[in-house]
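Here's the structure we're looking at; comments come further down.
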Amino acid sequence: MQTLKIVVTGPFSSGKTEFIQSISEIDVVSTERKISRSAERIKSATTVAMDFGRITIDEDLILYLFGTPGQRRFDFMWEILSEGMLGFIVLVDSTRPETFREARRILDTFRSYSPVPYIVAANKQDMEDAWPAEDLKIVLQVEEGVKVVPCVAVKKDSVKQVLLELLYSILELMDEEE
Amino acid sequence: MALKGRLQDFGITQLLNLINLARKTGTLYVEGQKGEAQLCFREGKLIYAFMDGVEDSLPLLLQRAGKLTSEQAQTIMAHVRGKSDRDVALMLIQAKHIQQQDVSDSVRQHMLNLVYRVFGWNEGSFHFEPSELPVQGKLTTPVALENVIMEGSRRLKEWERLQDELPDLDIALKFADRPTTPLRDINLSVEEWRVISFINPSNTIRQVAQYNNMTEFQIRKIVYSLLQAGLVQIVRPPRPAATPPGSAGEKGQAAQADASAVRRPAVKRSLVHKLIDRIREL
Ligand SMILES: Nc1nc2c(ncn2[C@@H]2O[C@H](COP(=O)(O)OP(=O)(O)O)[C@@H](O)[C@H]2O)c(=O)[nH]1
Ligand SMILES: [Mg+2]
């Protein structure tokens, strides 16, 4: 049995949980949701919000999607999470320009961990005030050759497309290296 | 007459009780099957401890406690070579890298974890050297022994149970095929989360523990709770050659050079095609 891992990152509320939920075959384990018993409702200082989902490829192969923890104070765990990843996706809430700088910072951080392919998903394109993907590419100063694709994380087909685009980028990189 | 004897005859709990009641000052040397511990006391309070002659430096403790990244810890260690932990702590606090509370919490936690390990030793020898306190320049933090004894005994019981439930650490874990329903309501601690991110059929539990710098007790406890929650399942046995990414020499700097090679999985083109085909048909 082999497992592969793709990391889904991006600023708070960019749609990571939604993205993973849309495509995962298991209920996304989202640690942001709280235990309902009142005594446990108080989130302990060390609780981390992260998600993971799963896609079974065949009997020997499973793809895991890991969402990065939401809270800033858990940044140190990004590096742990990036170990062995196949590639990563940076989700951006295209309707909230105030988060673009943060998205760029996250992108840089992940790039520094690992030389794997990545793409940027301009999320929430179903909303009226979403900035177009092409504009985000410029604003975020995304490097040449890295795709910025439109995305609606609540729609499975759109999430599929984003994942496929990342996989195509991975193939392209393999071609280049040969 | 020096305090001297065998753990079989006079156990750790009894020893600590004595030190507490007699408000002793000095160092207790314990030699068990699994190592050698030195526990230092001042007026009946535990103030410092180390194991097998290894005194982990402050940056390392802070890293383990999640207060510094491994990169930060490495940089700091390179900078402060030769300085005492106390000086390093002062420096870090003054530079506002960390807070005093973080330092004392990390030091205390490290000390307690070590002492709780000693609680599990029931064979070996000990001797107590009064007024010997090798703690100059060290960060000491006094902890009342009553609490240590209570918590230690509690853990001992728990440890025995965990040992029963999860005897073998050389097995691997995978995510549950069919997780039990209320999964989405689970809150994970930082430690659990660290373990989660290494769950893979080719990593044994022991390797995951080593990679995360966790003790057997810590990893058993976490794995047990993940198993209980139905989040993970046991797979056995993993391929013998498998190691978690970067585990080989992660602590040394030598490993840094090829870190990127380690981090980037060697994946065949055919595998990527498989992923593409499968996702297309979802
Ligand atoms: N309209 C719309 N809402 C979205 C989309 N993706 C996420 N959201 C909403 O944005 C909010 C934040 O999403 P979430 O997945 O929790 O963000 P996270 O913090 O990155 O995990 C939620 O209310 C989602 O339902 C999208 O593509 N379109
Ligand atoms: Mg989320």
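Naming convention: chains lettered A, B, ... in sequence-line order (proteins, then strands); numbering from 1 in each chain. Computation of the quantities below employed the complete heavy-atom set of this structure, encompassing side-chain atoms and omitting hydrogens, waters and symmetry-equivalent molecules.
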Of the listed A/D157, A/T3, A/L63, the one with the largest count of heavy-atom pairs under 4.5 Å with chain B is A/T3
Could you grab the distance from atom CZ of B/R280 to atom CG of A/L164, nearest 0.5 Å is fine?
6.0 Å
At what distance, to the nearest 0.5 angstrom, does CD1 of A/I6 lie from CG of B/L275?
6.5 Å
So A/Q2 and B/L271, do their side chains get closer than 4.5 Å, heavy atoms only?
yes
Enclosure of A/E98 CD (heavy-atom neighbours >12, cutoff 6.0 Å):
yes
Looking at A/I62, A/L171, A/D175, which one has more heavy-atom pairs under 4.5 Å with chain B than the rest?
A/L171
Would you indicate whether B/Q100, at its atom CD, is surrounded by more than 12 heavy atoms from other residues, nucleotides or ligands within a distance under 6.0 Å?
no
Quick check on A/M174: does its CE atom have over 12 non-hydrogen neighbours (other residues, nucleotides or ligands) under 6.0 Å away?
yes
Side-chain heavy atoms of B/L282 within contact of A/K156, under 4.5 Å
yes
Is there side-chain contact between A/Y64 and B/N200, with at least one heavy-atom pair below 4.5 Å?
no
Against chain B, label A/L167 side chain, backbone, both or neither, depending on which of its atoms sit under 4.5 Å from a heavy atom there.
both
As an exercise: rank B/K174, B/R269, B/H273 by heavy-atom pairs under 4.5 Å with chain A and give me the winner.
B/R269
State, yes or no, whether a side-chain contact exists between A/I170 and B/V267 at a heavy-atom distance under 4.5 Å.
no
Taking the side chain from B/K274 and the backbone from A/I57, do they hold a donor-acceptor pair closer than 3.5 Å?
no
Among B/N212, B/I276, B/D277, which residue has the highest count of heavy-atom pairs closer than 4.5 Å to chain A?
B/I276
Is the number of heavy atoms from other residues, nucleotides or ligands under 6.0 Å of B/E158 CD greater than 12?
yes
Closest non-hydrogen atom pair, A/K160 against B/E281
NZ-C, 4.4 Å
